[in-house]
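What follows is one structure encoded as structure tokens, with my remarks underneath.
Start at 1 and go down the list; that is how both ligands and their atoms are numbered.
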Amino acid sequence: MIETKPIDGKAFAANLRARIAEQVADLVRTRGVTPGLAVVLVGEDPASQVYVRNKAAQTLEAGMASFEHKLPADTAEADLLALVARLNADPAVNGILVQLPLPGHIDSTKVLAAIEPAKDVDGFHVVNAGRLAVGLDALVPCTPLGCVMLLKHHLGNLSGLKAVVVGRSNIVGKPAAQLLLKEDCTVTIAHSRTRDLPGECRQADILVAAVGRPEMVRGDWIKPGATVIDVGINRVPKEDGKTRLVGDVAYGEAQGIAGLITPVPGGVGPMTIACLLQNTLTATRRQNGL
Ligand code: GUN
């Protein structure tokens, strides 16, 4: 029987934020530069409101400037684009994040394309996606960046390992695959149309689940001893009428099979904001020629 160890993303993220705060303090002291992050929230999606509040608090804690722009749900696309243009031109703003999802009447592709790539701390702009794909310096999407940091910390060299990424979103699946390829993994991207999905997953030394379906990946899909990275954050009802968070992996079933696994909550989740702060610091340095 394998002893399955949880990966403590919460502790890793806290440590990363502390290291970022030191580097921010150094930047302020030696260069007089304070990194600034602007977050734009359109509408009142409750999950987005929580994220944005946490982002602002952790930005300030890291010693950075936080600029919050909360716009009503009926904001016209042109007005949002005008705000993005103002933030692009504002020298106090080094990073811009437009919280997704946007209301249905706004074309999110158009909005993401309007963000200056050098300030695109989400790494969603096609220029950054393209730079990542061809191996140039890029701002990389925060969640997959956090996944790969956790993997490198726990496994060391990833070279030659077989990685299966379940999910092909632009936010997680595709960039996660690119980052794992950069680490010399042999990478498969699997998805809802994959034939024999359990069989594909069973090949994986590293299994990344990013599908947004509660507990879809079962215990017997996992190769004994594999490292499992669960990106899912799904709210499911409990018997008492309340809700609980579960990942995309059946966590209980993975016990005794996986070697390492990220729990939900407390695994990948806390890494996302820490990596956002890392990207904001990186963007600030590059904008200042450092
Ligand atoms: N909504 C959920 N996750 C994210 C994220 O990482 N960035 C943005 N902009 N919106 C999100």
Notebook entry, point to check: Can any side-chain N or O of Asp184 pair as donor or acceptor with the backbone N or O of Gly160 at less than 3.5 Å?
Noted result: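 No; judged by distance alone, with no hydrogens or angles, the pair does not exist.
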
Would you be so kind as to tabulate the donor-acceptor pairs closer than 3.5 Å made by side chains of residues 83-91, with sequence neighbours excluded?
unit_1, atom_1, unit_2, atom_2, d
Asn88, OD1, Glu116, N, 2.9
Asn88, ND2, Ala114, O, 2.8
Asp90, OD1, Ala92, N, 2.9

List the atom pairs, with distances to 0.1 Å, where a side-chain N or O of residues 42-54 and a protein N or O form a donor-acceptor pair under 3.5 Å, not counting sequence neighbours.
unit_1, atom_1, unit_2, atom_2, d
Asp45, OD2, Ser48, N, 3.1
Asp45, OD2, Ser48, OG, 2.8

Please tabulate, one line per pair, the protein nitrogen or oxygen atoms found under 3.5 angstrom from a nitrogen or oxygen of ligand 1, with distances to 0.1 Å, or say none if there are no such pairs.
unit_1, atom_1, unit_2, atom_2, d
ligand 1, 1 (N), Gln99, NE2, 3.1
ligand 1, 1 (N), Leu100, O, 2.9
ligand 1, 7 (N), Asp122, OD1, 3.1
ligand 1, 7 (N), Asp122, OD2, 3.3
ligand 1, 9 (N), Val98, O, 2.9
ligand 1, 9 (N), Asp122, OD2, 2.5
ligand 1, 10 (N), Leu100, N, 3.0

Note to self: Could you walk me through whether Arg286 and Asp137 satisfy the side chain to side chain contact (heavy atoms under 4.5 Å, CB included) test, starting with their C-alpha distance in whole Å, then the side-chain angles of each, then the deciding distance to 0.1 Å, before giving a yes or no?
What the structure shows: CA-CA 10 Å; Arg286 287 186 191 151; Asp137 276 344; 3.9 Å; yes

Check: Does CZ in Arg19 sit with more than 12 non-hydrogen atoms of other residues, nucleotides or ligands closer than 6.0 Å?
Finding: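 Above 12, so yes.
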
Output a table of donor-acceptor pairs, distance under 3.5 Å, between side-chain atoms of residues 265-280 and any protein atom two or more places apart or on a different chain; print 'none' if there are none.
unit_1, atom_1, unit_2, atom_2, d
Thr272, OG1, Thr143, OG1, 2.9
Asn279, ND2, Val121, O, 2.9
Asn279, ND2, Val140, O, 2.9
Thr280, OG1, Leu276, O, 2.8

